[in-house]
Amino acid sequence: MTDLGMPRVGAPDQKRTAGVKPAFDDHRPPDAALAGDCVHCGFCLPTCPTYVLWGQEMDSPRGRIDLMTQGLAGEPMTGSMVQHWDACLGCMACVTACPSGVQYDKLIEATRGQVERHHRRSLPDRALRGLIFALFPHRERLRAVSGPLKVYQRLGMGRLVRRTGLLERFVPQLAAMEALAPPLGKRTDLPELIPAQGEERATVGMLTGCVQGEFFPDVNAATARVLSAEGCEVVVPRSQGCCGALSAHHGREDEAMRYARSVIDVFEGAGVDHVVVNSAGCGSTMKEYADLLRDDEAYRDRAQRFAGAVLDVAELLVELGPVAPRHRLDVTVAYHDACHLAHAQGVTSQPRQLLRGIPGVELREVPEGEICCGSAGIYNILFPRPARELGDRKAANIASTGAALLVTANPGCLMQVASGLERAGADLGMAHTVQVLDASIRDLGVEPLLR
C-alpha cells in the first residue's frame, strides 16, 4: 500500500488497444512540445516531495511526464495514471530545479483538467471534493461555519477529539481539516478605502482572499496598515470574491475561469495601479489569468493587462522602497518559502530583504527549504498521510534552526506548519511577513508575534 492509501501499481501498459478512448481530448491537452522538453536528467528528483517520500519513478515529475506522453500517444486514461498525477502536490519545485526549463506547471494543470472531465472518481472522493469546493472558495460560507468552530475551539473539544484518535482512524480527511483549523479570534473587516499616510506613492487594490480573509483577518489588516504606512492608498472592493486558485490547480477549468472574470471585473473598475496579494497560491494564479482566459475573446486582452498589474505584497514593498521607519525587533526568524511564491512566482529575495531591513531581526534559513511543507492548497486534506509526513519533516527542519519565530507568506503553509510544530512539541511563534513589518513600523515589540 502507498501512503495515499491506494495500491501501488506501475505505469500503464504501453500496448495500444483498438477502440479504446484515448486519455486526452482536444481541449487543452498537455502540450506535447512542452512534455518533449524533459530530457530525464533527474535534477528534479531531490526536490520532488513525493519522490523524496517514496522513491518511485512514476511519482517524480519526469515519471508523470512519461504518463502524459503515453496519454498523448492515445493510451487510455487509467486509474494508475490518475493516481500518480493526483499524488503530485503541484509545488513546482521541479520547475525551479530544471536546467532544461521544462514547464511542468502548465503540463500538470492541463492534465488535471483532462482528469476532471474523463475520470470517474470514487463516491467518497467525489463527496470530499464536493464539500471542499462548496465551502473554501465562498467566504460567506466560511464565515457561517466560523461561529460554531469558535465555540468548538473554546470548549477544548479539539483536544478531546484528537486524544481519542477515532476521527483520525476512520475519517482521516476530516481529522486533517479539524487539526489544521487555526485558532479563531475576532473578525476584522477592512474599510473599502484606506488612505495613504504621508505622500501618496501608489493606489493599489488588495485581494482579501477566502481562507485568508476569514481565518487570518489579522494578516489582511496588517497588510493594509503596512501599505498605507508606505504611502499607498489601498482600495478593498467589497464585491470581490474567490480568485479561482484552488479550482485552477485542481482541473476545475470552467469554475476557475468564472472566478477569474469576476475578479478582473471588480478590480478593473477600482482605478488602481496594482493589485496586491498576500497569499502565495492566489497570487500565482492571478498572474496566470492571461493563460487561463486565452481562448476567451472578451477577456483575453483584459486578463493580460490584469495579470501584469498583480504583485505579491513583498514585491511591491521592495519596488517602492521603505519610507516608514522601522523599529527594533530582537528576534531570530526562520523564513519558510511558500512554494507558490518561490517556485511559481520566483519571489524569494524580496521577503528576505524586507525582514533583513528590520533592526534586530536575525534571519535563519530552513534546511531542505525547497521541499514542500505538504499543504499544497487542499492536498493536506485530500491526502493527509503523505502531507503529514511532509509537515513533520518541515517542522523538524524549522525547529533545527533554533529560531523563535517562523515567517511565511501563505495561509495554507501557516496552518500546515503550525500543525506539524504542535505535534513536535516545538514552541515557535508564527507570522506572515507583513505582520513582522507591521509590528516593527508600529513599534509593538516582539511579544505579539510570539503568542
Side-chain angles (χ1 to χ4, degrees), residues 126-154 157-158 173-174 176-194 204-224 234-250 252-270 272 275-286 289 292 306 310 313 375 377-378 380-382 410-415 432:
R126 295 200 306 275
L128 177 62
R129 290 170 187 262
L131 171 64
I132 289 170
F133 285 99
L135 178 62
F136 289 167
H138 303 277
R139 189 166 177 180
E140 69 281 1
R141 297 176 191 175
L142 287 172
R143 182 165 294 186
V145 303
S146 65
L149 182 56
K150 285 180 187 177
V151 174
Y152 174 88
Q153 291 178 342
R154 287 171 184 169
M157 295 174 67
Q173 291 84 359
L174 291 182
M177 292 177 71
E178 187 278 331
L180 289 166
L184 299 182
K186 184 179 179 182
R187 190 172 74 237
T188 304
D189 289 319
L190 296 173
E192 287 192 87
L193 182 66
I194 298 141
V204 301
M206 178 178 158
L207 183 85
T208 53
C210 305
V211 172
Q212 184 84 290
E214 285 305 310
F215 288 177
F216 296 95
D218 290 348
V219 173
N220 280 344
T223 301
V234 185
V235 180
V236 188
R238 293 203 187 280
S239 57
Q240 64 177 290
C242 178
C243 70
L246 285 182
S247 302
H249 295 157
H250 290 272
R252 299 167 70 97
E253 181 185 303
D254 290 342
E255 187 176 78
M257 292 171 70
R258 287 198 303 273
Y259 288 137
R261 293 187 193 103
S262 177
V263 169
I264 291 170
D265 289 341
V266 167
F267 281 100
E268 267 188 348
V272 299
V275 177
V276 176
V277 189
N278 59 16
S279 171
C282 298
S284 68
T285 292
M286 292 166 68
Y289 275 1
L292 179 64
F306 178 88
V310 175
V313 63
S375 171
I378 56 173
N380 50 2
I381 298 173
L382 293 174
N410 195 56
C413 296
L414 284 169
M415 291 187 285
H432 191 288

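Worth saying up front: this structure is predicted, and the values here are computed from it rather than measured.
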key: Over all atoms of both residues, closest heavy-atom pair of His432 and Asn410   = CD2-N, 4.2 Å
ask   = To the nearest 0.5 Å, what is the distance between CG (Leu246) and CZ (Phe136)?
value = 8.0 Å
Distance-minimising heavy-atom pair for Ile194 and Ala224 = CD1-CB, 3.6 Å
Listed partners of Ala222 passing side-chain contact (heavy atoms from CB on, under 4.5 Å), at least two apart = Arg225, Val434, Gln435, Asp438
query = How long is the span from the OG atom in Ser146 to the CZ atom in Arg141, to the nearest 0.5 Å?
reply = 14.5 Å
key: Straight-line distance of Cys242 SG to Glu255 CD, nearest 0.5 Å   = 8.0 Å
key: Ala176 to Asn380 - nearest heavy-atom pair and separation   = CB-O, 3.4 Å
Nearest heavy atoms of Leu292 and Ala260, plus distance in Å = CD2-CB, 3.9 Å
query = Distance from Tyr289 atom OH to Cys243 atom SG, nearest 0.5 Å?
reply = 5.0 Å
For Val266, all residues meeting side-chain contact (heavy atoms from CB on, under 4.5 Å), sequence neighbours excluded = Pro237, Ser239, Gln240
message = Within the 4.5 Å heavy-atom criterion, are Tyr259 and Ser247 side-chain neighbours or not?
response = yes
Side chain to side chain donor-acceptor pair (under 3.5 Å) involving Ser375 - partner list, sequence neighbours excluded = none
ask   = Parallel, tilted or perpendicular: which describes the rings of Phe133 and His250, with under 30° parallel and over 60° perpendicular?
value = perpendicular
ask   = Can you name the closest pair of heavy atoms from Val272 and Val204 and give their distance?
value = CG1-C, 3.6 Å
request  = Check whether any side-chain heavy atom of Ile132 sits under 4.5 Å from a side-chain heavy atom of Leu382, and report yes or no.
outcome  = yes
ask   = With Arg261, which residues qualify under side-chain contact (heavy atoms from CB on, under 4.5 Å), at least two apart?
value = Met257, Arg258, Leu293, Asp296, Tyr299
query = Can you name the residues that form a side chain to side chain donor-acceptor pair (under 3.5 Å) with Asn278, not counting sequence neighbours?
reply = Gln212, Asn220, Thr223
Which residues share a side chain to side chain donor-acceptor pair (under 3.5 Å) with Arg139, sequence neighbours left out = Thr208, Glu214
ask   = Would you say Leu207 and Ser279 make side-chain contact, with heavy atoms under 4.5 Å?
value = no
remark   = Heavy-atom nearest pair, Pro191 first then Arg238, reads CA-NH2, 4.0 Å
